[in-house]
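Below is one structure, written out as structure tokens; the observations come after it.
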Amino acid sequence: MDDQTRMLAGLAGLGGLSQGDVGDQDSVRKQLGQPQQDIGDILQQIMAITDESLDEAQARKHALNCHRMKPALFSVLCEIKEKTVLSIRGVQDEDPPDPQIMRLDNMLLAEGVSGPEKGGGSAAAAAAAAAAAGGSPGSDGGIEHSDYRAKLAQIRQIYHSELEKYEQACSEFTNHVMNLLREQSRTRPISPKEIERMVAIIHRKFSSIQMQLKQSTCEAVMILRSRFLDARRKRRNFNKQATEVLNEYFYSHLSNPYPSEEAKEELAKKCAITVSQVSNWFGNKRIRYKKNIGKFQEEANLYAVKTAVDAASVSAQASQANSPATPNSVYYFKRLQTLLQLC
DNA sequence: TAGCATGATTGAAT
DNA sequence: ATTCAATCATGCTA
């Protein structure tokens, strides 16, 4: 202990310590068990260093660096620093992962911007396109879809290159600071723990930059998506056969034109459209029919006749299969067909 | 090109 | 979650 005390006085005089490093005078006093007078002397010597010539200071610094007790002294000083200044600063050492950055990460992952190559993002986009794209699947949506994928890939590329730059800058800066601190640790007490803590602080600062990058990438994806959704508004009329199937169902269930989920699925299959398109169609049809029954009367008659013809056709075929058709049934069937043509 | 037709979207109501 | 009603945006046709 005596050795250390003596060295502290010498060290202070040599300018190897900053006032900050000596820091908490009470702690030092307690640690070293010296009267206040000694501390005063040390501080005076520190203050006096500015009056010394550069050569003198350098010489004394060199002498200090070569002192055999230097490592021991520095370790004591590091301990004091740990117990005082750093323990106050470094309370929130390992903070939990930021929820916002986690949200952004999840979104980027879901959109296929981050994460494994060509992952869920394009698949999700394809699913979205399939769910809401109009008309015949795979025909018109194809161009828009590939366009969307190309744009998403572009965003992905920019994101990754920026992320790489960020990581490079971060590690360069961290290395630089670490080297600096290691360098300084020769002349002032810096513990490895302190360096670690400094690295953590740097990473925290850099992560805010990373968050900005992630945020703007998310925004870009959202804009792209909204444009893509707008593009999907471009509708195509259903083909004639699909409209006929839907109308047939509608007019043959005019008293209750609300197809069940199963019926919707079957209609969707028959018309090669999605179930939600079937729902849309029935929603539109019901409201438009109700608003102007007169206008739809003709159409209603047409489909009523068509349904009758179909039914007659089925029954005629059935009776033909069982027994030879009666002249009457053939006559009515032909008349219905003529009527349908007139409509 | 105007005007109607039609599929999709949106917000409120149930 | 489904439906209604209003509305949008585009397609079709005279």
Side-chain angles (χ1 to χ4, degrees), chain A residues 103 106-108 110-113 120-152 155 218-310 339-343:
Chain A
R103 246 193 341 266
N106 286 340
M107 188 190 157
L108 291 172
E111 292 295 336
V113 176
S122 49
S136 43
S139 58
D140 52 344
I143 299 159
E144 288 157 12
H145 184 207
S146 67
D147 198 33
Y148 175 84
R149 275 204 302 195
K151 293 258 162 55
L152 193 69
I155 291 173
C218 279
E219 275 166 22
V221 172
M222 292 313 284
I223 290 165
L224 179 67
R225 281 208 106 180
S226 70
R227 279 190 193 154
F228 180 65
L229 285 168
D230 281 349
R232 283 185 303 176
R233 286 177 72 104
K234 284 179 186 170
R235 63 177 185 80
R236 293 277 179 279
N237 289 349
F238 298 158
N239 61 39
K240 208 179 163 197
Q241 187 250 337
T243 315
E244 261 180 39
V245 169
L246 294 167
N247 272 317
E248 264 174 41
Y249 188 98
F250 181 80
Y251 287 110
S252 62
H253 297 77
L254 208 50
S255 57
N256 184 35
Y258 296 88
S260 65
E261 197 55 38
E262 291 79 35
K264 278 183 193 172
E265 274 168 26
E266 205 180 317
L267 286 167
K269 213 168 160 184
K270 270 189 191 169
C271 302
I273 57 177
T274 66
V275 172
S276 62
Q277 283 179 303
V278 172
S279 299
N280 284 341
W281 190 92
F282 272 88
N284 284 324
K285 191 74 185 180
R286 278 191 299 263
I287 197 78
R288 283 164 188 166
Y289 180 82
K290 199 178 88 176
K291 266 188 179 174
N292 195 349
I293 294 174
K295 197 180 89 180
F296 288 93
Q297 202 53 58
E298 205 177 310
E299 193 180 64
N301 291 339
L302 179 91
Y303 280 99
V305 171
K306 198 172 184 311
T307 310
V309 168
D310 285 347
L339 196 62
L340 185 59
Q341 275 161 10
L342 284 173
C343 287

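Side chains included, hydrogens not; waters and symmetry mates left out as well; all remaining heavy atoms used. All values derive from a computational prediction rather than experimental measurement.
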Can you find a heavy atom in the side chain of A/Tyr258 that is under 4.5 Å from one in the side chain of A/His253? no
So A/Thr307 and A/Tyr251, do their side chains get closer than 4.5 Å, heavy atoms only? no
How many Å lie between CD1 on A/Ile287 and C1' on B/dT10, as a whole number? 14 Å
Within a strict 4.5 Å, meaning less than it, do heavy atoms of the A/Phe238 and A/Cys271 side chains meet? no
Identify whether the distance between the nearest side-chain nitrogen and carboxylate oxygen of A/Glu299 and A/Lys285 falls below 4.0 Å. yes
Between CZ of A/Phe238 and P of B/dA5 the distance, given in whole Å, is 18 Å
Side chain to side chain, A/Ser279 and A/Lys264, heavy atoms closer than 4.5 Å: yes
Residues from residues 249-261 of chain A lying under 4.0 Å of DNA chain C - heavy atoms: A/Tyr258, A/Glu261
In whole Å, I'd like the distance from the NZ atom of A/Lys285 to the P atom of B/dA8. 15 Å
Specify the separation, in whole Å, of atom CG of A/Leu246 and atom C1' of B/dA5. 15 Å
Is any side-chain N or O of A/Asn280 closer than 4.0 Å to OP1 or OP2 of B/dG7? no
Taking only side-chain N and O atoms of A/Lys264, does any of them lie within less than 4.0 angstrom of OP1 or OP2 on C/dT2? no
With side-chain contact (heavy atoms from CB on, under 4.5 Å) as the test, would you mind laying out the steps for A/Leu246 and A/Lys270 before giving the verdict? CA-CA 9 Å; A/Leu246 294 167; A/Lys270 270 189 191 169; over 6 Å; no
Whole angstrom is fine here: how far is it from OH in A/Tyr289 over to C1' in B/dT6? 18 Å
Just checking A/Lys295: base, sugar-phosphate only, or nothing, at a heavy-atom cut-off of under 4.0 Å? sugar-phosphate
Ignoring hydrogens and angles, does a donor from either the side chain of A/Asn237 or the base of B/dA5 sit under 3.5 Å from an acceptor on the other? no
Look at all strands and tell whether A/Arg286 reaches a base, only sugar-phosphate, or nothing, counting heavy atoms closer than 4.0 Å. sugar-phosphate
Spacing of A/Asn284 atom CG relative to C/dT3 atom P, expressed in whole Å: 13 Å
Output the rounded distance in Å from CZ (A/Phe296) to P (B/dT6). 7 Å
Presence of A/Arg236 side-chain N/O under 4.0 Å of B/dG7 phosphate oxygens OP1/OP2: no
Over 60° means perpendicular and under 30° means parallel, so tell me whether A/Phe296 and A/Tyr289 are parallel, tilted or perpendicular. tilted
Nearest-angstrom distance from the residue atom CZ of A/Arg288 to C1' of B/dA5: 8 Å
Please confirm whether the shortest side-chain N or O distance from A/Gln277 to OP1 or OP2 of B/dG7 is below 4.0 Å. no
